[in-house]
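Take a look at the structure set out below.
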Amino acid sequence: MAGLSAEPYKGTRDFYPEDMRIRDYIFSTWRHVVESYGYEAYDAPLLEPLDVYAAKSGQELVNEQTYQFTDRGDRRVAIRPELTPSVSRMIARKRQEVAFPARWYNIGQFMRYERPQRGREREFWQLNVDIFGVNGSKPEAEIITLGSQILQSFGADEKMYVIRINNRKVINFMMAHYLGLDTVQAQLMIKLFDRKGKIPHEAFRDQAIEIFGDAAASDGLKKIAELLAAKSMADLPESIRDSDAVREVQDLFTLLEQAGITNARFDITLMRGLDYYTGTVFEFFDTHPENNRSLFGGGRYDGLVGLFGAEPVSAVGMAPGYSMTELFLTAHNLLPVMNSSTELYMVVLPDADEGAATLAKELRQQGVKVEVDITERKVDKQLKTAIKKQIPYVIFVGESELKSKVYPLKSTADGSEEKLSFERLVSKILDRRTRSHAADDDVFDIG
RNA sequence: GCGGAUGUAGCUCAGCAGGUUAGAGCGCUGGUUUGUGGCACCGGAGGCCGUGGGUUCGAACCCCAUCAUUCGCCCCA
C-alpha cells in the first residue's frame, strides 16, 4: 500500500494543540475587545448562492477565487469567501426588526481559491466587525479605534503599525473633477495609484502618461505630483479641499484625534479592491521591516444592504484576519507563552491507581482540570510527559500520600515543590487561575 | 494565471568534481538511575534523497516533466 499523504490540503493548515492555544488566545482577545464596545456575536451560513457575491465583490473574486459547485438541486453555490455580503443579507431580511444602530461581530472560517502566500491561505479565519445604520463619520471613528484597541490589547504600541485612510468619494472627485478623467481612465488610474508603492517611479510616470493621452499628460502629471506630495489634507489642492468628500475625511480625523489615535495618516493612494466601498476606506499597516504589509482593512459600504430588496442601510466594517495577526504578533515578539489548559498532571505510583482515580474525581468536583497518567511508567517518564505538555502543576500520588492525605505538588515552571492537604491543593490551583485571569483583565482594560 | 528559489531522518541542514552499506546536531526511544524533568554518559529506532521518466557501466548529485513549499507579480475579503 502506497500510504496516504499526511500533508494537509493545499493552502490549509493543521492546528495542533499548541497551535490551538495561540488561536484561542487571539480569538478570545478579539472577542473581549469587541464585546467591550457592545458588539454582539452572530453567524451566517458557510454556503451562499453564488450571485450573492457576484453583485458587488468584484469580478475576479467571484470568477477565479471562490470554491463553487452546483448542488443536487442545480443551484450554483459558493463556500463563503467573505462575510460582508452575508451579513448585509441578514440585515436586509430583518430590516424592520433589528435595533439600529446594530453592532455585530463574527469570528469565522472562509475559503478562497488562490495561490497561497505568506499570511494568505486558502482556508482562513477572520474577525468581522460591522456597525449598521449610522451615517456621518462616527461609525468609522469607532471601527478604526476598535481596530487600534485590538492591536494594543495584544500588547502593540502605536509605533508598530500605521493607519492609512482615504475616501472613495475623494477618489472619485479627484479622478473626475480634478484630473478630468472619464470612467475608463479613472478605473485605470485607480489601479495605478493602488500599485504606486510597488513599482518604480519611472514606470508609474510612463503608465500615467499613457492613461492621460499625450495631449493632457503634462498638465495631468503636474496635478498628480501635487496630489502625491500631500501628506495631509491641508496640503491638497484648493479645488479638492473645498469639497464635501474632503470635509467628511476631516471630520473623521478630528474624531480620531479626540479618541487619542496618533498614528492615522491620510493617504490619497489607498484604494482597496472591493467594489462595494462607498466612502471611507482604511488599512492598518505593519511597520515592522520584516513584515511590511497590510494587516487588515475596511470601510463604508452603504449600498450593499439595499441590493437585497430592502431599503438601504448604511454600514461600516472591517475584518482582521488570523494569519496576519499571528505574523504581526510574531514579528513584534508579542505572543505570550501559552500553557496547556490542563492545570494538574497526576503522576501515579505503583498500587495507587484506584486511590488516584478517586482523588482526581474529587479534584474535578472542585473545578480543577486534572489529567491522570494511566501508563504505569516510571516516575521520571510520567513527569517528563507533564512538562512536555506544558501543564503547570504535577502531583505525585502513591500509597503513602493516599494514607496521609498530604500530597507533593510540584510546579513545572520552577521545579519548586510543597506538601499540601487536599483543600490547600485546590485553593492553590484555583488561585493561580484567578491570578492569570486578573492579568487578562489588565490586558483588556480599555484606557 | 505568470516569473524566481527550494525539495536529503520528526526538525535544521551537510553530502566534496556522479563511484560500493547516505551523514551531523537537535528531537524521539531504552539504559546508567525500581518515588521526581530540562545536565552527563552509553545504546536504539527512524530516509525507495518529493514523484515519474531520461542520460550513464553507475544518479541524492546531470537532463526533462510533474507535484509541493516559498518569495514576488496579478489580486486582496
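Below, chains carry the letters A, B, ... as their sequence lines are ordered, and counting in each starts from 1.
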Taking the P atom in each of B/C11 and B/C49, what is the distance between them to the nearest angstrom? 16 Å
Any strand is fair game: report the nucleotide pairing with B/G10 by Watson-Crick or G-U wobble, both distances under 3.5 Å, or none. B/C26
Please step through side chain to side chain contact (heavy atoms under 4.5 Å, CB included) for the pair A/Gln390 and A/Val337, ending with a clear verdict. CA-CA 10 Å; A/Gln390 293 179 284; A/Val337 175; 4.1 Å; yes
Has the side chain of A/Gln382 got a donor or acceptor that lies under 3.5 Å from a partner of the other kind on the base of B/U36? no
Tell which nucleotide pairs with B/C57, taking only Watson-Crick or G-U wobble pairs whose two distances are both under 3.5 angstrom. B/G19
Searching all strands shown, indicate the nucleotide that pairs with B/C2 (Watson-Crick or G-U wobble; both distances under 3.5 Å). B/G72
In this structure, how many angstroms lie between the P atom of B/C2 and the CD atom of A/Glu114, rounded? 16 Å
Start at the 5' end of RNA chain B and walk down; is the nucleotide closest to A/Phe124 or to A/Gly398 reached first? A/Gly398
For a quick check of understanding: with a heavy-atom distance under 4.0 Å over all strands, which category does A/Lys384 fall into, base, sugar-phosphate or nothing? sugar-phosphate
Length of the OH-C1' vector between A/Tyr53 and B/C75, whole Å: 18 Å
Under 3.5 Å donor-acceptor pair, A/Arg120 side-chain atoms to B/C75 base atoms: yes
When you compare B/C61 with B/U55, how far apart are their C1' atoms, in angstrom units rounded to a whole number? 13 Å
Contact class for A/Gly415 (heavy atom, under 4.0 Å): base, sugar-phosphate, or nothing? base
Would you say that more than 12 heavy atoms from the other residues, nucleotides or ligands in this model lie under 6.0 Å from the CZ of A/Arg364, or not? yes
With sugar-phosphate meaning primed atoms plus P, OP1 and OP2, does A/Thr385 contact a base, only sugar-phosphate, or nothing at under 4.0 Å between heavy atoms? nothing
Is it the case that the base of B/G35 and the side chain of A/Ser400 share a donor-acceptor contact (distance under 3.5 Å, atom types as modelled)? yes
Without decimals, in angstroms, what is the distance between A/Arg115 CZ and B/G4 P? 11 Å
Any side-chain donor near an acceptor of the partner, A/Gln152 and A/Tyr161, under 3.5 Å: yes
When the P atoms of B/G47 and B/G10 are compared, how many Å lie between them, rounded to an integer? 7 Å
Other residues, nucleotides, ligands: >12 heavy atoms within 6.0 Å of A/Glu376 CD: no
Can you check whether any acceptor in the base of B/G35 is under 3.5 Å from a donor in the side chain of A/Glu401, or vice versa? yes
What does B/C41 pair with, Watson-Crick or G-U, if both distances are under 3.5 Å? B/G31
Between A/Arg433 and A/Glu343 (salt bridge meaning N to carboxylate O under 4.0 Å), is one present in this structure? yes
N/O (side chain, A/Lys378) to phosphate O (OP1/OP2, B/G31) under 4.0 Å: yes
Using purine N1 to pyrimidine N3 plus N6-O4 or O6-N4 for Watson-Crick, or N1-O2 and O6-N3 for G-U wobble, both under 3.5 Å, which nucleotide pairs with B/U36? none
When only distance counts, do a donor and an acceptor, one from the side chain of A/Gln126 and one from the base of B/A77, lie under 3.5 Å apart? no
Rounded distance (Å) that lies between atom C1' of B/C28 and atom NZ of A/Lys381: 10 Å
Contact class for A/Ser294 (heavy atom, under 4.0 Å): base, sugar-phosphate, or nothing? nothing
Which of B/U36, B/G72, B/C76 is nearest the side chain of A/Pro408? It is B/U36
Pick the nucleotide of RNA chain B nearest each of A/Lys388 and A/Ser411; which residue has the one closer to the 5' end? A/Lys388
According to a strict under-4.0 Å criterion, is A/Lys10 in side-chain N/O contact with OP1 or OP2 of B/U69? yes
Measure CD/A/Glu121 against P/B/C76 and give the value in whole Å, please. 19 Å
Taking any strand in view, what nucleotide pairs with B/A65 in a Watson-Crick or G-U wobble way, both distances under 3.5 Å? B/U51
How many whole angstroms separate atom CG of A/Asp380 from atom C1' of B/U33? 8 Å
Could you check if a side-chain atom of A/Asn128 sits within less than 4.5 angstrom of a side-chain atom of A/Phe110, using non-hydrogen atoms only? yes
Among side-chain atoms of A/Tyr105 and A/Glu35, is any donor-acceptor pair under 3.5 angstrom? yes
Atom-pair distance (CZ on A/Arg122; P on B/A77), nearest Å: 19 Å
Within this structure, what is the CD1-to-C1' distance between A/Ile387 and B/G27, rounded to whole angstrom? 16 Å
